[in-house]
Amino acid sequence: MDIIHLLPDSIANQIAAGEVIQRPASVVKELMENSIDAGASKVSVSVKSAGRTFIQVSDNGKGMSQTDARMAFERHATSKITNADDLFSLRTMGFRGEALASIAAVAGVELKTRQKDADFGTFIEIAASNIVKQEAVSCAEGTTFLVKNLFFNVPARRKFLKTNQTELQHIISEFQRVVLANSTVAFELSADDDVIYELPAANFKQRISAIFGKKIRHFSQNILNIEAKTGIVNLHGFIGTPQVAVKNAQQFFFVNGRFMRHPYFHKAVASAYENMLQPETSPFYFIYFEVNPENIDVNIHPTKTEIKFEDDREIWVILMTAVKEALGKFNILPSIDFDTEGKINIPNFDKNANIAFPKPIFNPNYNPFSSHSQQHSYSQNWQQLYEKREPQFVDIKPVEKNNTLIAENENFTDFYKFREKFLITSVKSGLMIIDKIRATERITYEKILLQLEQQKSATQKMLFPEILSLSADENSLFEEILPDILALGFEVEKQDLCLYSITGIPSLLTETPDIIELLQNIISSVGENSIQKEIYEKIAMQVAENYAKYSKSAYNQAETESFINQLFKCQNPNFSPDGKKIIAIISDEEIFGKF
Ligand code: ADP
Ligand code: MG
């Protein structure tokens, strides 16, 4: 008996739609990109209940003929490419012809469109992939799509949506990516009748300023221009000075009109800032790449934002140099003399010339996570750090590495526990107070980072395995970080799609009351990070926080001493992983002044 049959189009489309349309923000992105491809100079987006019930995108682009308006909803219907070769000269955002078919499979859609010279436009209404109404209408030139009740026929998807606030945040970030990539186009975004953005046509800098100017501290005084024109790439854009580097800086790359992620190029920027940044901060940047479309591949996945570059190693060097130049002009790199020449000295690459390009110089043995690498680690004799009488510590300043003298009390047997929260002892310059929980966080954080890097861990078997059940989104994140979770010392067995049993946990976490909650927190904190180092940091932060909260800490004197020694072996003993102060010193002046 034959058992194979073809799925009806409506179901096939619904399945395929899942690839392209994951949440309301995906609809907003696809429709905005279509408007850009249609040559619009103004695009308006309006959503209600975070796009669940209503998403409307209107443009003044070239519109569609009556036949094209029908065709547009067919799967693989596109006006943008005709054969495989066209992929090499891609100048449009779309080319797969999947977005409208996907949207129509999972929502109600109304389309109104009119071409420039046409006397009348076309109205089409679609329900569950079927055209239920088509008629001639009079309407403005351009195109308006209205998408209603997204996922009305896919309850599973609907269930995975997050709160309105989160979904709206996704919409806003997709919107920001498109409007930053297309500064010469005017845009509007409103949500439930509140206007969120009203952006006139502008240049790149004005557009960045319109969106982030108020969010970034002292934005206009701290923005630097970068530019490089070479045979293989033209770069332009803006970077922030190290002074305004923060923990979650705005960082955007664009290539030929589209937003992209590029962890490798990110490292080029990061290395240009080397040694200029406070720990755990990074600078903002908005960098635009223009390359011959022949030399990039955007074909990886419909929703992925990674892009492959043919000449990525050359571009790495060009980008790094350009960022360095910009920082140098700002006089951050004193070695470069800018009075003599203001011109950027970037080699003009000729694609066909056989040249050796410079390689970034680095020390392959330097491990930033290792507490053994001398470069950043604090003296083992941590007491020496505090031996000098330094009145500026009154202000509970971060401790400088260079204050090397001898402590008042070499043995430190007189630690005093205060309110179960602080450890107090006297040092030469006054009274040192250590926040125990934050110190534990710092020590654990660095320990876990090292463990993740070296893939070494100790596991404790669980008597009764616990079940971790994930949503589809969480599941894909979890699968990405699973190797790291295992490296931490977890033992995980896959039971089913989105269902795991946890059979072992890191020995460090035996006091944790809710392992499942911790794993959930790790998954959501890792989010869409694509850079391994960031993933490590997020994981280490969650584990450290959790450990510090639940570990038993009845320290006797010997344990306390070893604890303090561990703290001062950390790369950054002054601040907890989330940037809070660990150590405070009350100076002699302050104490004596009270009497
Ligand atoms: P793609 O963008 O990959 O071509 P879509 O499914 O997004 O596929 O769109 C299908 C086709 O519909 C496009 O190729 C284009 O011809 C037409 N289209 C979609 N949106 C618009 C619009 N806003 N203005 C004009 N034409 C549009
Ligand atoms: Mg499209």
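Note that these values count all heavy atoms, side chains included, but never hydrogens, waters or copies made by symmetry. Order of appearance sets the numbers: ligands from 1, and atoms from 1 within every ligand.
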> Test of understanding: given a 4.0 Å heavy-atom threshold, classify the contact between V57 and ligand 1 as side chain, backbone, both, or neither.
neither
> Between E141 and K62, does any side-chain N to carboxylate O distance fall below 4.0 Å?
no
> So L277 and P283, do their side chains get closer than 4.5 Å, heavy atoms only?
yes
> Check each heavy atom of T78 against ligand 1 and say whether those closer than 4.0 Å belong to the side chain, the backbone, both or neither.
both
> Should the pair K42-D59 be classified as a salt bridge under the 4.0 Å nitrogen-to-oxygen rule?
no
> Is it the side chain, the backbone, both or neither of A99 that has a heavy atom closer than 4.0 Å to ligand 1?
both
> Could you tell me which atoms of ligand 1, counted from 1 in the order shown, lie closer than 4.0 angstrom to a heavy atom of F95?
1 (P), 3 (O)
> Could you list which atoms of ligand 1 come closer than 4.0 Å to a heavy atom of G94?
2 (O), 3 (O)
> Distance under 4.0 Å to a non-hydrogen atom of A72: what atoms of ligand 1 satisfy this?
10 (C), 12 (O)
> Out of the candidates N34, N60, T113, T122, only one should pair with T143 under the side-chain hydrogen bond (donor to acceptor under 3.5 Å, both in side chains) rule; please name it.
T113
> Which one holds for A77 and ligand 1: side chain close, backbone close, both close, or neither close, with close meaning a heavy atom under 4.0 Å?
backbone
> Run through Y285, Y288, F259 and flag the one making a ring-ring contact (aromatic ring centres under 6.0 Å, His included) with F253.
Y285
> Has ligand 1 got any nitrogen or oxygen that is less than 3.5 angstrom from a nitrogen or oxygen of E30?
no
> Can a salt bridge be assigned to the pair E306 and K308 using a cut-off of 4.0 Å between side-chain N and carboxylate O?
no
> Hey, which atoms in ligand 1 end up nearer than 4.0 Å to a heavy atom of R96?
3 (O)
> Does N34 put an N, O or S atom under 2.8 Å from the Mg ion (ligand 2)?
yes
> Give the atoms of ligand 1, by number and element, whose distance to some non-hydrogen atom of F145 is under 4.0 Å.
20 (N)
> Answer yes or no for K80: is there a heavy-atom contact with ligand 1 below 4.0 Å?
yes
> For a 4.5 angstrom cut-off between non-hydrogen side-chain atoms, does L161 reach P24?
yes
> Could you check whether any side-chain heavy atom of F252 comes within less than 4.5 Å of a side-chain heavy atom of R177, counting everything from C-beta outward?
yes
